[in-house]
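Being a predicted model, the structure only gives us computed values, none of them experimental. Counting starts at 1 for both ligands and their atoms, following the listed order.
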Amino acid sequence: MTSTKDAIALENKYGAHNYHPLPVVLSKGDGVYVWDPEGNRYFDFLSAYSAVNQGHCHPAIIGALKEQAETLTLTSRAFYNDVLGPYEKFITEYFGFDKVLPMNTGAEGVETAIKICRKWAYEKKGIPENEAKIIVCTNNFHGRTTTIISFSNDTDAQKNFGPYTPGFIKVEYNNIDDLESALQDDSVAGFLVEPIQGEAGVMVPDEDYLSKAKALCHKYDALFIADEIQTGIARTGSLLAVCGDCTCENHCERQPETYVKPDILILGKALSGGVYPVSAVLADQEVMDVIKPGQHGSTFGGNPLAAKVAIAALNVVRDENLAVNARKLGIQFRNKMNELKEKSKLINTVRGKGLLNAIEINDSPGSSTAWDICVKLKENGLLAKPTHGNIIRFAPPLVMTSEQLDECIKIIEKTILEFNRS
Ligand SMILES: *Cc1c(COP(=O)(O)O)cnc(C)c1O
């Protein structure tokens, strides 16, 4: 087996340096745990940016993968396959939409949503050709394509990758007045938003922000588009973050008063439980029907392997009550972190929802404090990664037990308090 030292050296020598990983190499995963080649075990508090909500190598998902891999993997959409239809029925019923458009990565899902929204604007709303605009938020993260980075305000993500795609307006996140003034422009086609901004540092908007935003979108005849690639699939303590406080494990028609149903919903990451790239764009008939044969597609999108894996991954979420567990454990986590905040000057803020949480370290974003804390956490058996310099995100797999979470909280407490003294 490749050692930690050798694995890091090989990546440094032969890989493009487009990431700056924590110095740990992982060679095995099971549930909430991962191991390095030397056999050290860690709690995974990143879950591959919330792709591994169901836990590493969940047997039901891996079982579905193996079975389908030995039967049929890829046909392209030039032909029908016998798994895609059942998957489309399953996922649309699961989330309560008429139609799904299957893709692979999250960024492709976002690109797909942008294309659907623009086409809807020209063909349904009647915006003159090439004039449609989509409103996005400051500090958004929607992926890495040339179009998506065009409306990022992260300089690393954007600089020297231009010329940038036009047609996007930026408004301040969680500022409803800012959104309303932008919506007055007749050429606005839609509003693309993360219900909680994960990459920005787990920024939770005001409780009524999303419902007000959707109401405004409809007032001005624009589509409300939710990017739930990171927040969706039980991560924030409900099936989707737009479900609000509803914990039903199916789609949210049972509690319409808390559910802010998007016109377009984008899912990825945990849609496969992290075993395969699967993303999806969901919408009702009148929106999805703007896409006709030949106008959009993907060789791998909707392949039978992805379809089987996604069904299995969504069944795990429902069968194991992961939304309810995420909600319960999230409260336990934030309570303990708030107690720790009282004991340590290192912690500025504790925030989050369900098991998508962050602590803000009391130091400048340019400092190495959060990184150094993450290195110490690693040495103590827990993996987390800083985002935006001084913020540490904590997002373990949702299959964690309350006892395991207690153990993790002790590791974090010990690390922070020791760090205080050094
Ligand atoms: C991860 C992420 C994406 C991009 O997904 P990829 O699979 O990396 O392309 C888009 N939006 C949000 C909110 C994400 O967290």
Side-chain angles (χ1 to χ4, degrees), residues 16 18-19 21 45-53 101-117 134-154 156-158 161 165 168 170 173-174 190-205 209-210 213 224-236 240-242 262 264-282 298 300-301 303 306 309-310 313 352-358 385-388 391 393-395 397-398:
N18 58 329
Y19 279 92
F45 264 64
L46 184 64
S47 308
Y49 301 97
S50 298
V52 192
N53 287 359
L101 200 158
M103 295 298 280
N104 313 285
T105 65
E108 284 177 310
V110 173
E111 288 277 347
T112 301
I114 290 169
K115 287 171 80 174
I116 294 171
C117 180
I134 293 175
I135 302 173
V136 297
C137 291
T138 49
N139 302 324
N140 68 72
F141 182 83
H142 296 287
R144 299 293 198 169
T145 65
T146 44
T147 287
I148 293 170
I149 60 105
S150 294
F151 54 80
S152 167
N153 55 310
D154 173 342
D156 286 334
Q158 204 178 44
F161 292 120
T165 309
F168 297 94
K170 215 169 283 155
Y173 188 66
N174 195 28
F191 173 49
L192 170 64
V193 66
E194 298 158 85
I196 291 172
Q197 288 187 324
E199 295 311 298
V202 188
M203 309 307 285
V204 186
Y209 176 63
L210 296 172
F224 177 71
I225 308 167
D227 178 349
E228 291 244 24
I229 293 167
Q230 186 160 158
T231 52
I233 325 220
R235 171 55 60 188
T236 65
L240 299 170
V242 292
I264 303 178
L265 171 67
I266 312 162
L267 298 173
K269 295 201 165 113
L271 186 51
S272 70
V275 311
Y276 195 85
V278 187
S279 65
V281 177
L282 291 133
S298 155
F300 279 84
N303 74 73
V309 162
K353 207 167 174 209
L355 279 177
L356 183 60
N357 294 293
K385 184 99 202 281
T387 175
H388 285 261
I391 301 166
R393 171 172 30 197
F394 291 106
L398 311 182

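At a 4.0 Å heavy-atom cut-off, the residues surrounding ligand 1 are Thr105, Gly106, Ala107, Phe141, His142, Gly143, Glu194, Asp227, Ile229, Gln230, Lys269, listed by chain and number.
Side-chain N/O atoms of Glu199 and Gln230 include a donor and acceptor closer than 3.5 Å. Of the N and O atoms on the side chains of Ser298 and Asn104, at least one donor lies less than 3.5 Å from an acceptor on the other residue.
Counting heavy-atom neighbours within 6.0 Å of Phe300 CZ, excluding the residue itself, gives a total of 12 or less.
Residues that satisfy the side-chain hydrogen bond (donor to acceptor under 3.5 Å, both in side chains) test with Thr147, not counting sequence neighbours, are Thr165.
Remark: side-chain polar atoms of Asn53 are paired, donor with acceptor, to backbone N or O of Ile233 under 3.5 angstrom.
Atoms CG and CZ, on Leu240 and Arg235 in that order, are 14.0 Å from each other to the nearest 0.5 Å.
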